[in-house]
Participant: 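Before anything else, here's the structure in question.
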There are 4 protein chains.
Amino acid sequence: MNRVVLIGRLTRDPELRYTPNGTAVATFTLAVDRPFVNQQGEREADFINIVTWRKLAENCAEYLKKGSLTAVEGRLQIRNYENNEGRRVYVTEVVAENVRFLSGTKGRPEEESVEDPFVADSEEVDIDEDELPF
Amino acid sequence: MNRVVLIGRLTRDPELRYTPNGTAVATFTLAVDRPFVNQQGEREADFINIVTWRKLAENCAEYLKKGSLTAVEGRLQIRNYENNEGRRVYVTEVVAENVRFLSGTKGRPEEESVEDPFVADSEEVDIDEDELPF
Amino acid sequence: MNRVVLIGRLTRDPELRYTPNGTAVATFTLAVDRPFVNQQGEREADFINIVTWRKLAENCAEYLKKGSLTAVEGRLQIRNYENNEGRRVYVTEVVAENVRFLSGTKGRPEEESVEDPFVADSEEVDIDEDELPF
Amino acid sequence: MNRVVLIGRLTRDPELRYTPNGTAVATFTLAVDRPFVNQQGEREADFINIVTWRKLAENCAEYLKKGSLTAVEGRLQIRNYENNEGRRVYVTEVVAENVRFLSGTKGRPEEESVEDPFVADSEEVDIDEDELPF
DNA sequence: TTTT
DNA sequence: TTTT
């Protein structure tokens with residue numbers, strides 16, 4: 001079991017890319033406020049990387065933008081790859097399975113829910129991480 | 001909002017340390033199976049770092065060990081610090097607020113639930129990350 | 001372990017009451033959209049009862065109103081009592097521990113997060129359900 | 001958004017039934033310990049109804065039994081129907097989308113995870129609640 | 001490297 | 001109506 005629910009704001013517009021075999025991938029970062037203030041009395045945030053796939057990726061790219069308030073539900077994943085200096089790099093991200101647009105979207109009626117229609121689709125196993133565009 | 005629920009097994013015994021002002025901190029890594037198999041037909045796992053504080057840390061150190069099946073509930077946090085080469089390092093971890101021992105514990109009756117009695121305690125803001133022992 | 005996260009809208013203004021010994025309790029109902037449409041092509045909703053205690057109850061009563069978009073995190077509880085006809089009645093409700101006001105609040109800057117400062121407080125065991133005002 | 005995660009024990013063996021058009025449905029009740037003790041110093045539990053569909057229902061019926069320790073992830077639903085006295089009855093239940101067998105199962109290696117392969121399947125909208133066998 |  |  002591996003479940004994550006976050007509410008926060010996009011730190012920049014989503015980036016939409018495609019894998020070599022044409023699958024859409026959108027990535028963005030959510031600023032999620034911490035539940036307390038630090039020793040300087042400031043509220044800090046965690047900056048959490050989100051990845052979405054297929055139709056959900058396209059919807060996110062279409063409707064979300066920097067500053068959009070967004071709820072994300074998904075699974076925590078730690079991906080690792082060898083970078084171009086031959087060093088192993090670990091990337092932590094939340095693979096979103098359900099994204100809810102809460103406010104500050106582009107053009108779309110606010111607060112629409114968008115389910116990923118492929119969330120439990122067996123196609124998910126076919127993504128070869130070596131082919132990822134990021 | 002920032003909520004994480006995981007079930008997995010410890011990859012090694014927990015490490016218990018203390019901050020300079022005496023607060024207990026336990027860290028361990030959970031291996032959490034992915035919900036699908038990869039292109040080689042193998043089930044991979046994510047290795048997720050867990051941090052617990054105070055009484056909960058001491059309980060985890062006392063009862064958990066390598067291989068313990070464990071449920072963790074908490075908050076996803078991305079901590080960053082400057083390492084000794086002057087480079088900024090980002091550490092992703094789940095700050096556990098509730099840990100349930102499911103099996104394979106040391107000495108304790110299995111499946112006992114342990115709530116962190118300080119979960120929402122304002123004392124939490126007093127931890128100075130520069131003083132962390134890891 | 002018992003964790004619930006909901007996003008929905010209040011079906012009416014919250015009701016604020018006090019137990020005989022003065023503890024604040026607020027109740028309201030959230031309409032939470034289902035993730036699919038029914039056979040008539042309509043999107044239905046679940047109407048979920050929420051209970052909050054103490055300072056969080058007072059904040060909810062102060063800032064939420066009918067129609068407010070709200071995220072609730074808490075614990076699912078099934079309370080039962082004997083009604084005045086001597087019949088046992090079961091009430092299912094979510095005991096909120098964290099409520100986030102997303103939009104449509106009264107007077108308050110939107111999207112403020114409100115943590116229940118007593119979430120893990122041992123005082124919670126002192127509430128005698130026979131004394132509940134509802 | 002509507003997400004529930006529970007860990008508890010079955011109060012009795014699961015019941016497996018079929019809708020008129022042959023879809024498998026399994027129901028059971030989970031006893032989930034409360035995170036505190038009551039005024040008599042006893043730990044109470046909530047008894048939460050779980051519903052599962054299709055292959056997941058058949059797996060639950062096959063491997064779970066009274067007393068099995070089980071983790072359930074799903075969605076909180078309030079179903080209502082008219083009973084045979086013409087009175088509207090409300091049933092609260094968790095529609096499970098992912099069930100993890102933790103211990104005390106029948107015959108199966110413990111702690112196997114079982115994903116519902118139809119979790120986000122559009123077929124889900126085709127279930128006519130008037131045809132439910134319970 | 002970050003959002004309001 | 002409930003489990004360990």
Side-chain angles (χ1 to χ4, degrees), chain A residues 6-15 27-34 37 42-50 60 64-72 91 93 101-105 110 134, chain B residues 1-2 77-82 87-90 92 100-103 105 108-113, chain C residues 1-2 77-80 82 87-90 92 100-103 105 108-113, chain D residues 6-15 27-34 37 42-50 64-72 91 93 101-105 110 134:
Chain A
L6 305 170
I7 298 179
R9 291 182 181 280
L10 294 236
T11 61
R12 53 177 202 282
D13 292 350
E15 283 186 57
T27 53
F28 54 89
T29 297
L30 265 196
V32 178
D33 282 347
R34 293 199 173 162
V37 294
E42 310 153 334
R43 184 171 297 272
E44 293 180 87
D46 289 293
F47 297 95
I48 300 175
N49 297 319
I50 313 291
C60 288
L64 295 177
K65 61 179 196 217
K66 182 176 174 175
S68 300
L69 184 69
T70 308
V72 167
V91 180
E93 56 206 3
F101 307 155
L102 294 167
S103 72
T105 57
E110 286 190 9
F134 52 89
Chain B
M1 188 147 307
N2 181 333
Q77 172 175 271
I78 290 144
R79 195 159 43 85
N80 69 87
Y81 62 93
E82 204 147 320
R87 204 209 252 273
R88 190 136 297 265
V89 180
Y90 292 84
T92 301
R100 180 147 179 190
F101 307 156
L102 295 168
S103 73
T105 57
R108 187 177 230 255
E110 287 189 9
E111 301 143 24
E112 283 283 311
S113 182
Chain C
M1 189 147 306
N2 181 333
Q77 172 175 270
I78 291 145
R79 195 159 43 85
N80 69 86
E82 203 147 319
R87 204 208 252 273
R88 190 136 297 266
V89 180
Y90 292 84
T92 302
R100 180 146 180 190
F101 306 155
L102 295 167
S103 73
T105 56
R108 187 177 229 254
E110 287 188 8
E111 302 144 24
E112 283 283 310
S113 181
Chain D
L6 305 169
I7 297 180
R9 289 183 182 279
L10 293 236
T11 61
R12 53 178 202 281
D13 293 350
E15 283 186 58
T27 53
F28 53 89
T29 297
L30 266 195
V32 179
D33 282 347
R34 294 200 172 162
V37 294
E42 311 153 333
R43 184 172 298 273
E44 293 180 85
D46 289 293
F47 297 96
I48 300 175
N49 296 318
I50 313 291
L64 294 177
K65 62 178 195 219
K66 182 175 173 175
S68 299
L69 185 69
T70 308
V72 167
V91 181
E93 55 206 4
F101 307 155
L102 294 167
S103 74
T105 57
E110 286 189 9
F134 51 90

Participant: Could you check which of F:dT4, F:dT2, E:dT3 has an atom nearest any side-chain atom of D:Arg9?
Facilitator: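 Selected nucleotide (nearest to the side chain): F:dT4.
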Participant: Between F:dT3, F:dT2, E:dT3, which one does the side chain of D:Thr29 approach most closely?
Facilitator: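 Shortest atom-to-atom distance from the side chain points to F:dT2.
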Participant: For the side chain of D:Arg9 and the backbone of D:Lys66, is there at least one donor-acceptor N/O pair under 3.5 Å apart?
Facilitator: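 It does not hold such a pair.
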Participant: Tell me which nucleotide among F:dT3, F:dT2, F:dT1 gets nearest to the side chain of C:Arg88.
Facilitator: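 Closest of the options to the side chain of C:Arg88: F:dT1.
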Participant: With sequence neighbours left out, write down each residue that passes salt bridge (charged side-chain N to carboxylate O under 4.0 Å, His left out) with C:Arg87, or none if nothing qualifies.
Facilitator: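 Scan of C:Arg87 (salt bridge (charged side-chain N to carboxylate O under 4.0 Å, His left out), adjacent residues dropped) gives none.
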Participant: Looking at every strand, decide which applies to C:Tyr90 at a 4.0 Å heavy-atom threshold: base, sugar-phosphate, or nothing.
Facilitator: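 The residue C:Tyr90 makes sugar-phosphate contact but no base contact.
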Participant: Nearest whole angstrom, please: distance from the C1' of E:dT4 to the CZ of A:Arg12.
Facilitator: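 A:Arg12 atom CZ is separated from E:dT4 atom C1' by 17 Å.
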Participant: Mind calculating the distance between CG (D:Leu10) and C1' (F:dT3) to the nearest angstrom?
Facilitator: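 Spelled out: CG on D:Leu10 to C1' on F:dT3 is 8 Å.
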Participant: Nearest-Å distance, CZ (C:Arg79) to C1' (F:dT2)?
Facilitator: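 Spelled out: CZ on C:Arg79 to C1' on F:dT2 is 19 Å.
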Participant: Rounding to an integer number of Å, can you tell me how far D:Glu44 CD sits from F:dT1 C1'?
Facilitator: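 Atom CD in D:Glu44 sits about 16 Å away from atom C1' in F:dT1.
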Participant: What's the CZ-P distance between A:Phe101 and E:dT3, to the nearest Å?
Facilitator: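 Value for this atom pair: 21 Å.
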Participant: Between atom NZ in A:Lys65 and atom C1' in E:dT4, what is the gap in whole Å?
Facilitator: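 Distance, rounded to whole Å: 13 Å.
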Participant: Output yes when a side-chain donor or acceptor of D:Asp13 lies under 3.5 Å from a complementary backbone atom of D:Lys65, and no otherwise.
Facilitator: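 Looks like no, no N/O pair under 3.5 Å.
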Participant: A:Arg34 has an atom CZ; how far is it from atom P of E:dT4, in whole Å?
Facilitator: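 Atom CZ in A:Arg34 sits about 19 Å away from atom P in E:dT4.
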Participant: Excluding sequence neighbours, so at least two apart, what forms salt bridge (charged side-chain N to carboxylate O under 4.0 Å, His left out) with D:Glu42?
Facilitator: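 Partners of D:Glu42 under the salt bridge (charged side-chain N to carboxylate O under 4.0 Å, His left out) test: none.
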Participant: Which whole-number value in Å describes the distance from B:Asn80 CG to E:dT1 C1'?
Facilitator: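 Rounded to whole Å, this separation is 11 Å.
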